[in-house]
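Quick notes on the structure that follows.
To find a chain, count down the sequence lines: A is the first, B the second, and so on, and within it residues start at 1.
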Amino acid sequence: MSMAVDFSDRTKNKIRSLYRKLLKKHGSPSDSNQWKFWCKRPKTYYEKEIIIIESILTQRTNWKNVERAVQNLKMSKLASLQSVLKTNNEIIEKLIKSCGFSKQKAQRLRNVAKFVIESGGIKNLEKMPTNVLREKLLSIDGIGKETADDILLYAFERPVFVIDGYTKRFASNHKLSDRNSYDFLQQLFEQSLKKDYKIYQDYHALIVIELKGTK
DNA sequence: CACCAGGAATGTA
DNA sequence: TACATTCATGGT
(Lines give C-alpha, C1' and ligand atoms only; values in the text may rest on other atoms or scores of the structure.)
Protein backbone atom coordinates (compact mmCIF):
# COMPACT_ATOMS: atom_id res chain seq x y z
CA MET A 1 0.00 0.00 0.00
CA SER A 2 1.16 3.50 -0.71
CA MET A 3 1.98 5.82 2.15
CA ALA A 4 -0.30 8.70 2.95
CA VAL A 5 1.29 11.93 1.82
CA ASP A 6 0.15 15.41 2.70
CA PHE A 7 0.40 17.96 -0.04
CA SER A 8 0.30 21.71 0.42
CA ASP A 9 -2.94 23.57 -0.22
CA ARG A 10 -1.04 25.80 -2.59
CA THR A 11 -0.09 22.87 -4.79
CA LYS A 12 -3.58 21.38 -4.66
CA ASN A 13 -5.12 24.70 -5.65
CA LYS A 14 -2.68 24.98 -8.49
CA ILE A 15 -3.73 21.59 -9.81
CA ARG A 16 -7.40 22.52 -9.64
CA SER A 17 -6.70 25.85 -11.29
CA LEU A 18 -4.72 24.23 -14.11
CA TYR A 19 -7.65 21.93 -14.78
CA ARG A 20 -10.01 24.87 -15.20
CA LYS A 21 -7.53 26.58 -17.52
CA LEU A 22 -7.11 23.51 -19.73
CA LEU A 23 -10.85 23.01 -19.91
CA LYS A 24 -11.36 26.60 -20.93
CA LYS A 25 -8.57 26.44 -23.49
CA HIS A 26 -9.40 23.12 -25.18
CA GLY A 27 -13.03 22.50 -24.29
CA SER A 28 -14.40 19.16 -23.15
CA PRO A 29 -12.37 16.17 -24.42
CA SER A 30 -15.72 14.47 -25.11
CA ASP A 31 -15.92 16.78 -28.10
CA SER A 32 -12.43 16.04 -29.42
CA ASN A 33 -11.94 13.40 -32.08
CA GLN A 34 -9.14 11.67 -30.25
CA TRP A 35 -10.81 11.37 -26.87
CA LYS A 36 -14.55 11.38 -27.48
CA PHE A 37 -14.69 7.60 -27.32
CA TRP A 38 -12.64 7.06 -24.16
CA CYS A 39 -14.35 10.00 -22.43
CA LYS A 40 -17.80 9.05 -23.64
CA ARG A 41 -20.50 8.30 -21.13
CA PRO A 42 -22.26 5.98 -20.71
CA LYS A 43 -20.50 3.08 -22.43
CA THR A 44 -21.77 -0.30 -23.52
CA TYR A 45 -19.97 -3.52 -22.55
CA TYR A 46 -18.81 -3.79 -26.13
CA GLU A 47 -17.26 -0.32 -25.93
CA LYS A 48 -15.57 -1.16 -22.66
CA GLU A 49 -13.99 -4.23 -24.23
CA ILE A 50 -12.71 -2.12 -27.09
CA ILE A 51 -11.11 0.27 -24.61
CA ILE A 52 -9.39 -2.62 -22.87
CA ILE A 53 -8.08 -3.84 -26.22
CA GLU A 54 -6.94 -0.35 -27.16
CA SER A 55 -5.18 0.15 -23.84
CA ILE A 56 -2.92 -2.78 -24.69
CA LEU A 57 -2.46 -1.86 -28.34
CA THR A 58 -1.51 1.72 -27.55
CA GLN A 59 1.49 0.81 -25.44
CA ARG A 60 4.55 2.62 -26.82
CA THR A 61 2.63 3.34 -30.02
CA ASN A 62 1.01 6.18 -31.91
CA TRP A 63 -2.78 6.35 -31.66
CA LYS A 64 -3.24 6.28 -35.45
CA ASN A 65 -1.69 2.82 -35.51
CA VAL A 66 -4.15 1.70 -32.85
CA GLU A 67 -7.12 2.95 -34.86
CA ARG A 68 -5.97 1.00 -37.86
CA ALA A 69 -5.58 -2.19 -35.87
CA VAL A 70 -9.00 -1.84 -34.28
CA GLN A 71 -10.53 -1.27 -37.71
CA ASN A 72 -8.89 -4.48 -38.90
CA LEU A 73 -10.24 -6.38 -35.91
CA LYS A 74 -13.72 -4.98 -36.50
CA MET A 75 -13.69 -5.85 -40.19
CA SER A 76 -12.71 -9.40 -39.31
CA LYS A 77 -15.43 -9.49 -36.66
CA LEU A 78 -12.76 -10.14 -34.06
CA ALA A 79 -13.02 -6.93 -32.03
CA SER A 80 -14.01 -8.55 -28.76
CA LEU A 81 -12.29 -10.37 -25.93
CA GLN A 82 -14.16 -13.61 -26.71
CA SER A 83 -12.92 -13.47 -30.29
CA VAL A 84 -9.35 -12.77 -29.25
CA LEU A 85 -9.40 -15.78 -26.98
CA LYS A 86 -10.70 -18.20 -29.57
CA THR A 87 -8.58 -16.96 -32.49
CA ASN A 88 -5.03 -18.06 -33.31
CA ASN A 89 -2.33 -15.64 -32.22
CA GLU A 90 -0.96 -15.41 -35.77
CA ILE A 91 -4.29 -14.11 -37.07
CA ILE A 92 -4.45 -11.46 -34.36
CA GLU A 93 -0.78 -10.56 -34.92
CA LYS A 94 -1.42 -9.76 -38.58
CA LEU A 95 -4.46 -7.62 -37.82
CA ILE A 96 -2.65 -5.55 -35.18
CA LYS A 97 0.69 -5.35 -36.97
CA SER A 98 0.38 -1.57 -37.39
CA CYS A 99 0.84 -1.15 -33.63
CA GLY A 100 4.24 -2.81 -33.57
CA PHE A 101 5.26 -5.37 -30.95
CA SER A 102 2.47 -7.40 -32.50
CA LYS A 103 3.64 -10.74 -31.19
CA GLN A 104 3.83 -9.46 -27.62
CA LYS A 105 0.61 -7.52 -27.91
CA ALA A 106 -1.33 -10.45 -29.35
CA GLN A 107 -0.26 -12.49 -26.34
CA ARG A 108 -1.09 -9.63 -23.98
CA LEU A 109 -4.56 -9.30 -25.49
CA ARG A 110 -5.01 -12.99 -24.93
CA ASN A 111 -3.88 -12.66 -21.31
CA VAL A 112 -6.42 -9.92 -20.52
CA ALA A 113 -9.17 -11.66 -22.48
CA LYS A 114 -8.57 -14.85 -20.51
CA PHE A 115 -8.71 -12.94 -17.24
CA VAL A 116 -11.94 -11.08 -18.06
CA ILE A 117 -13.77 -14.08 -19.40
CA GLU A 118 -12.68 -16.43 -16.65
CA SER A 119 -13.80 -13.80 -14.16
CA GLY A 120 -17.30 -13.90 -15.61
CA GLY A 121 -17.02 -10.91 -17.92
CA ILE A 122 -16.88 -7.18 -17.35
CA LYS A 123 -20.30 -7.28 -15.74
CA ASN A 124 -18.91 -9.41 -12.94
CA LEU A 125 -15.65 -7.49 -12.60
CA GLU A 126 -17.65 -4.31 -12.14
CA LYS A 127 -18.76 -5.57 -8.73
CA MET A 128 -15.16 -5.69 -7.56
CA PRO A 129 -13.62 -2.97 -5.38
CA THR A 130 -11.19 -0.77 -7.28
CA ASN A 131 -8.06 -1.74 -5.32
CA VAL A 132 -8.80 -5.46 -5.72
CA LEU A 133 -9.44 -5.10 -9.44
CA ARG A 134 -6.25 -3.06 -9.81
CA GLU A 135 -4.14 -5.74 -8.15
CA LYS A 136 -5.64 -8.39 -10.40
CA LEU A 137 -4.97 -6.33 -13.52
CA LEU A 138 -1.38 -5.69 -12.42
CA SER A 139 -0.80 -9.40 -11.97
CA ILE A 140 -1.54 -9.98 -15.67
CA ASP A 141 1.56 -10.31 -17.81
CA GLY A 142 1.77 -7.24 -20.06
CA ILE A 143 -0.21 -4.87 -17.84
CA GLY A 144 1.73 -2.31 -15.83
CA LYS A 145 0.46 0.59 -13.77
CA GLU A 146 -0.36 2.90 -16.65
CA THR A 147 -2.33 0.32 -18.62
CA ALA A 148 -4.09 -0.95 -15.50
CA ASP A 149 -5.13 2.57 -14.61
CA ASP A 150 -6.23 3.32 -18.19
CA ILE A 151 -8.52 0.32 -17.96
CA LEU A 152 -9.80 1.24 -14.49
CA LEU A 153 -10.45 4.88 -15.40
CA TYR A 154 -11.81 4.63 -18.93
CA ALA A 155 -13.37 1.16 -19.11
CA PHE A 156 -14.48 0.64 -15.51
CA GLU A 157 -15.00 4.33 -14.80
CA ARG A 158 -13.20 4.21 -11.46
CA PRO A 159 -11.64 7.35 -9.98
CA VAL A 160 -8.00 6.40 -10.58
CA PHE A 161 -5.69 9.06 -11.97
CA VAL A 162 -3.54 7.88 -14.87
CA ILE A 163 0.09 8.96 -14.91
CA ASP A 164 1.90 8.87 -18.23
CA GLY A 165 4.83 10.62 -19.85
CA TYR A 166 2.70 13.67 -20.60
CA THR A 167 1.49 13.92 -17.02
CA LYS A 168 5.05 13.71 -15.74
CA ARG A 169 6.10 16.49 -18.06
CA PHE A 170 3.03 18.51 -17.12
CA ALA A 171 3.89 18.17 -13.44
CA SER A 172 7.47 19.09 -14.09
CA ASN A 173 6.59 22.06 -16.34
CA HIS A 174 4.38 23.53 -13.65
CA LYS A 175 6.72 22.58 -10.82
CA LEU A 176 4.00 20.68 -9.03
CA SER A 177 6.40 18.34 -7.30
CA ASP A 178 10.06 17.66 -6.72
CA ARG A 179 9.47 13.97 -7.32
CA ASN A 180 8.00 12.34 -10.40
CA SER A 181 7.48 8.70 -9.54
CA TYR A 182 4.23 7.16 -10.70
CA ASP A 183 2.80 6.56 -7.23
CA PHE A 184 3.76 9.96 -5.89
CA LEU A 185 2.21 11.90 -8.77
CA GLN A 186 -0.90 9.76 -8.69
CA GLN A 187 -1.39 10.58 -5.01
CA LEU A 188 -0.77 14.23 -5.72
CA PHE A 189 -3.47 14.49 -8.38
CA GLU A 190 -5.96 12.29 -6.57
CA GLN A 191 -5.66 14.21 -3.33
CA SER A 192 -6.03 17.54 -5.09
CA LEU A 193 -9.25 16.74 -6.94
CA LYS A 194 -12.75 15.64 -6.12
CA LYS A 195 -12.91 11.85 -6.29
CA ASP A 196 -14.78 11.87 -9.59
CA TYR A 197 -13.82 9.60 -12.48
CA LYS A 198 -15.23 12.05 -15.02
CA ILE A 199 -12.87 14.77 -13.83
CA TYR A 200 -9.94 12.35 -13.87
CA GLN A 201 -10.82 11.23 -17.40
CA ASP A 202 -11.09 14.76 -18.71
CA TYR A 203 -8.02 16.04 -16.88
CA HIS A 204 -5.79 13.29 -18.21
CA ALA A 205 -7.10 13.77 -21.75
CA LEU A 206 -6.61 17.51 -21.51
CA ILE A 207 -3.00 17.10 -20.40
CA VAL A 208 -2.30 14.93 -23.44
CA ILE A 209 -4.09 17.35 -25.76
CA GLU A 210 -2.18 20.28 -24.25
CA LEU A 211 1.26 18.68 -24.52
CA LYS A 212 0.91 16.67 -27.71
CA GLY A 213 3.42 17.81 -30.26
CA THR A 214 5.57 19.63 -27.72
CA LYS A 215 8.58 18.53 -25.76
C1' DC B 1 19.31 1.71 -13.85
C1' DA B 2 19.88 -0.20 -18.63
C1' DC B 3 18.16 -2.67 -22.16
C1' DC B 4 14.95 -4.86 -25.30
C1' DA B 5 10.44 -5.98 -27.67
C1' DG B 6 8.65 -3.19 -33.93
C1' DG B 7 5.91 -0.72 -37.06
C1' DA B 8 4.49 3.73 -39.02
C1' DA B 9 4.58 8.70 -39.37
C1' DT B 10 7.25 12.71 -39.33
C1' DG B 11 11.43 15.41 -39.68
C1' DT B 12 16.04 16.38 -41.61
C1' DA B 13 19.62 16.70 -45.06
C1' DT C 1 16.72 8.20 -50.67
C1' DA C 2 18.79 7.39 -46.15
C1' DC C 3 18.74 7.99 -41.59
C1' DA C 4 16.96 9.67 -36.99
C1' DT C 5 13.26 10.45 -33.83
C1' DT C 6 8.91 9.91 -31.76
C1' DC C 7 4.76 7.53 -30.26
C1' DA C 8 -1.81 6.69 -24.84
C1' DT C 9 5.02 1.06 -22.08
C1' DG C 10 6.18 -3.28 -19.65
C1' DG C 11 9.26 -6.99 -18.49
C1' DT C 12 13.72 -8.67 -17.39
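- Non-hydrogen atoms lying under 4.0 Å from DNA chain C are contributed by A:Gln34, A:Trp35, A:Trp38, all within residues 18-56 of chain A.
- Between the side chain of A:Gln107 and the main chain of A:Gln104, no donor-acceptor pair closer than 3.5 Å is present.
- A:Leu138 and A:Val112 fall into different hydrophobic clusters, where Ile, Leu, Val, Met, Phe, Trp and Tyr side chains are chained together by heavy-atom contacts under 4.5 Å.
- Contact footprint of chain A on DNA chain B: nucleotides with an atom under 4.0 Å from a non-hydrogen protein atom, first to last in 5' to 3' order, B:dA5 to B:dA9.
- For A:Lys168, the NZ atom sits in a packed shell: over 12 heavy atoms of surrounding residues, nucleotides or ligands are nearer than 6.0 Å.
- A donor and an acceptor atom, one from each side chain of A:Asn111 and A:Arg108, are nowhere located under 3.5 Å apart.
- Partners of A:Asn72 according to the side-chain contact (heavy atoms from CB on, under 4.5 Å) rule, which considers only residues two or more places apart in sequence or in another chain, are A:Met75, A:Leu95.
- For A:Arg60, there are no side-chain hydrogen bond (donor to acceptor under 3.5 Å, both in side chains) partners, not counting sequence neighbours.
- The residue A:Asn65 sits close to a base: some heavy atom pair falls under 4.0 Å.
- Sequence order on DNA chain B of the closest nucleotides to A:Arg68 and A:Lys105 puts A:Lys105 first from the 5' end.
- Only at 4.0 angstrom or more do the heavy atoms of residues 194-202 of chain A sit from any atom of DNA chain B, so none qualifies.
- A:Ile96 and A:Phe101 are members of different hydrophobic clusters when ILVMFWY side chains are connected at heavy-atom separations under 4.5 Å.
- Of the possible donor and acceptor atoms, one in the side chain of A:Ser98 sits under 3.5 Å from a partner among the backbone N and O of A:Asn65.
- Residue A:Ile209 comes nearest to A:His26 through the heavy atom pair CG2-ND1, 3.6 Å, listed as atom of the first residue, atom of the second, then distance.
- Distance noted for atom P between C:dT5 and B:dC3: 15 Å (whole Å).
- Residue A:Phe161 forms a ring-ring contact (aromatic ring centres under 6.0 Å, His included) with just one option from A:Phe189, A:Tyr182, A:Phe184, and that option is A:Phe189.
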Within the sub-3.5 Å range, which N or O atoms of nucleotides 9-11 of chain C have a protein N or O partner, and how far apart are they?
from	atom 1	to	atom 2	distance (Å)
C:dT9	OP2	A:Arg60	N	3.2
C:dT9	O5'	A:Arg60	N	3.1
C:dT9	O4'	A:Arg60	N	3.3
C:dT9	O3'	A:Thr147	OG1	3.4
C:dG10	OP1	A:Gly144	N	3.4
C:dG10	OP1	A:Thr147	N	2.7
C:dG10	OP1	A:Thr147	OG1	2.5
C:dG11	OP1	A:Gly142	N	2.8
C:dG11	OP1	A:Ile143	N	3.4

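- Side chain of A:Lys43 to main chain of A:Tyr154: a donor-acceptor pair is present (N/O by atom type, distance under 3.5 Å, no hydrogens or angles).
- Checking side-chain atoms of A:Arg158 against main-chain N and O of A:Leu153 turns up no donor-acceptor pair under 3.5 Å.
- Taking a 6.0 Å sphere around NZ of A:Lys198, one finds it holds more than 12 heavy atoms contributed by other residues, nucleotides or ligands.
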